[in-house]
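Have a look at the structure below before the remarks.
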Protein chains: 2
Amino acid sequence: MPQRGEAPISVIKRLPVYLRVLDNLVKRDIEVVSSKSLSKQTGFSAEQIRKDLAFFGAFGTRGTGYNTNYLRERILRIIGLDKQTNVAIIGAGHLGTAFARYNIRENPYTNVVGLFDVSPDSVGGEIEGVPVYHLNDLQDMIKQEKVQVGVVTVPAVHAQEVVDRMVEENVKAILNFAPAKLNAPEHVTIHNVDLTIELQSLIYFAREELSADRDKEENKEE
Amino acid sequence: MPQRGEAPISVIKRLPVYLRVLDNLVKRDIEVVSSKSLSKQTGFSAEQIRKDLAFFGAFGTRGTGYNTNYLRERILRIIGLDKQTNVAIIGAGHLGTAFARYNIRENPYTNVVGLFDVSPDSVGGEIEGVPVYHLNDLQDMIKQEKVQVGVVTVPAVHAQEVVDRMVEENVKAILNFAPAKLNAPEHVTIHNVDLTIELQSLIYFAREELSADRDKEENKEE
DNA sequence: GGATGTGAATTGGTTCACAGCA
DNA sequence: TGCTGTGAACCAATTCACATCC
């Protein structure tokens with residue numbers, strides 16, 4: 001039952017994982033994959049994978065599995081990676097640079113049009129082949145290069161200002177690494193990646209007492 | 001009802017956000033805060049905040065709110081940030097460097113003992129005052145410095161090997177930035193931060209059709 | 001037979017509504 | 001009165017179990 005309408009974010013976040021595995025399988029000329037095999041390679045349950053895929057329509061063949069190439073194409077289409085997405089990275093520090101490099105090397109589905117910064121050291125140069133512009137040129141470049149997605153890696157105090165400028169130019173989605181609650185109109189999606197949250201919440205699981213608790217329930221097999 | 005036992009991950013992930021706000025309030029000598037005010041500053045609903053805090057015991061005063069200092073101390077204690085946590089960062093590239101810098105500047109609750117890499121350019125040097133060691137010294141240093149948490153920023157192909165080494169030395173939790181499914185024994189917690197997933201899932205929300213859908217339901221207020 | 005696709009049951013998390021207390 | 005604390009209701013997501021089809 002090909003479903004239109006909004007997919008749950010939980011499902012959407014798994015699609016790139018499937019895509020990565022499928023890219024790999026296609027590269028290795030493996031033409032068919034079962035939900036069970038996908039489960040092993042992703043860590044998600046086979047049922048969940050089937051439900052996820054079925055949400056967008058039935059792509060598999062009963063008794064056989066999924067055609068890797070076809071499924072890959074479908075997922076690209078669902079996410080919107082079949083059409084080029086232009087991305088601007090604001091902040092050319094280590095994080096912005098890491099993100100740029102990473103995307104250029106590992107993610108062939110997006111196009112990083114530029115990094116933006118205020119530091120004279122970096123402005124005018126290139127990082128991984130991507131030009132570094134002055135932040136003042138952000139709005140012009142968004143228009144010119146039809147940027148749909150912005151990645152914010154500037155310090156928290158400047159993040160809202162950067163977001164405001166991008167919103168003005170109708171950027172549709174923003175990935176924010178600054179540890180700040182950012183405001184934007186309803187129609188602009190903001191996702192936050194907060195390194196402090198990730199580390200601190202992890203520390204909760206590293207506590208001594210918890211490790212002790214875990215040891216107690218040493219009665220599981222699989 | 002002071003609850004012992006395992007807290008849901010969803011709750012744990014919000015604690016660092018509360019902590020950040022409380023740090024700020026305490027710094028500004030604001031002594032009391034209501035769940036409503038916390039709601040405004042974090043974006044989480046007031047009920048949710050009260051439920052979260054109540055999960056660990058009742059910290060507030062009815063009719064008044066929460067004492068900022070006390071609540072801050074309690075959250076530090078719950079997460080486990082009252083005791084020093086030693087962190088090793090494996091991979092001294094841009095991402096590792098960004099993470100080190102960020103933590104040293106913004107997160108006074110953890111202690112980055114070292115970065116680890118194989119590149120002769122960086123090994124032996126310092127980054128943000130943190131020494132860079134050769135990867136070969138990882139296991140010795142984990143023992144010596146009592147490292148409980150590892151942060152993996154190496155390329156995906158090397159990630160599992162690094163994890164295996166850390167597991168051997170009884171590291172309790174790992175924050176993984178490599179786009180790979182890593183295996184570790186039950187008692188080691190691995191959290192993954194995957195930049196590709198974040199960007200690609202965001203692109204789903206930037207699609208034209210979706211933006212169009214959104215425009216249709218322009219009948220909300222608040 | 002062997003895998004997908006899917007209603008039903010379950011689990012988990014959030015919101016509601018209000019009781020309880022300073 | 002005002003704000004916390006919390007059972008109840010609600011909603012979302014996952015798992016189960018099995019019908020369905022190649």
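Just so we're on the same page: letters track the sequence lines, and every chain starts at 1.
Under the rule for a side-chain contact (heavy atoms from CB on, under 4.5 Å), the partners of A:N183 that lie at least two apart in sequence or sit in another chain are A:Q160, A:K181. Residues satisfying the side chain to side chain donor-acceptor pair (under 3.5 Å) test with B:E106, not counting sequence neighbours, are none. Scanning for ring pair (Phe, Tyr, Trp, His ring centres under 6.0 Å) contacts around B:H158 gives an empty result, with sequence neighbours left out. By the side chain to side chain donor-acceptor pair (under 3.5 Å) test, B:N67 pairs with no residue at all, sequence neighbours left out. Not a single ring pair (Phe, Tyr, Trp, His ring centres under 6.0 Å) links B:Y66 to another residue, sequence neighbours left out. Scored by the side chain to side chain donor-acceptor pair (under 3.5 Å) test, B:R72 finds B:D23, B:Y109 as partners (sequence neighbours excluded).
Within the structure, the salt bridge (charged side-chain N to carboxylate O under 4.0 Å, His left out) test picks out the following pairs touching residues 10-20 of chain B (sequence neighbours left out): A:D194-B:R20, A:E198-B:K13, B:R14-B:D52. Under the ring-ring contact (aromatic ring centres under 6.0 Å, His included) criterion, the residue pairs touching residues 166-185 of chain A are A:F99-A:F177, with sequence neighbours excluded.
Distances shown here put every side-chain N or O of B:Y66 at or beyond 4.0 Å from the OP1 or OP2 atom of C:dA22.
The nearest whole Å value for the distance from the CD1 atom in A:I9 to the P atom in C:dG13 is 17 Å. Rounded to an integer number of Å, the gap from CD1 of A:I49 to P of C:dT6 is 16 Å. For B:N67 and D:dC3, the CG to P distance is 16 Å, given to the nearest whole Å. For A:F56 and C:dT4, the CZ to P distance is 18 Å, given to the nearest whole Å. Taking atom CD on A:E6 and atom P on D:dA12, their separation rounds to 12 Å, with Å as the unit. Taking atom CG of residue A:D52 and atom P of nucleotide C:dT6, one finds them 13 Å apart after rounding to whole Å. Rounded to whole Å, atom C1' of C:dG12 lies 12 Å from atom CZ of B:F55.
Side-chain atoms of A:R28 do not come within 3.5 Å of backbone N or O of A:L25 as any donor-acceptor pair.
Residues from residues 30-42 of chain A with heavy atoms under 4.0 angstrom of DNA chain C, sorted by number: A:S34, A:S35. Within residues 10-21 of chain B, the residues approaching DNA chain C are B:S10, B:R14, by heavy-atom distance under 4.0 Å.
A salt bridge does not link B:R77 to B:E73: none of the charged side-chain nitrogens sits closer than 4.0 Å to a carboxylate oxygen. Ion pair A:E161/A:R165 flagged as a salt bridge, since at least one NZ, NE, NH1 or NH2 atom sits closer than 4.0 Å to an Asp/Glu carboxylate oxygen.
Taking the ring centre of A:Y102 as origin, the terminal cationic atom of A:R105 falls outside the region bounded by 6.0 Å and 45° from the ring axis.
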Item to check | Where protein sits on nucleotides 15-22 of chain D, one letter per nucleotide: B base, S sugar-phosphate only, - none, heavy atoms under 4.0 Å | outcome: BBB--BBB
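In this structure, the helix from C:dG1-D:dC22 to C:dA22-D:dT1 shows an angle of 0° between the axis at its start and the axis at its end, each fitted on 5 base pairs and rounded to 10°.
Between B:L22 and B:V33, the closest side-chain pair of non-hydrogen atoms falls below 4.5 Å.
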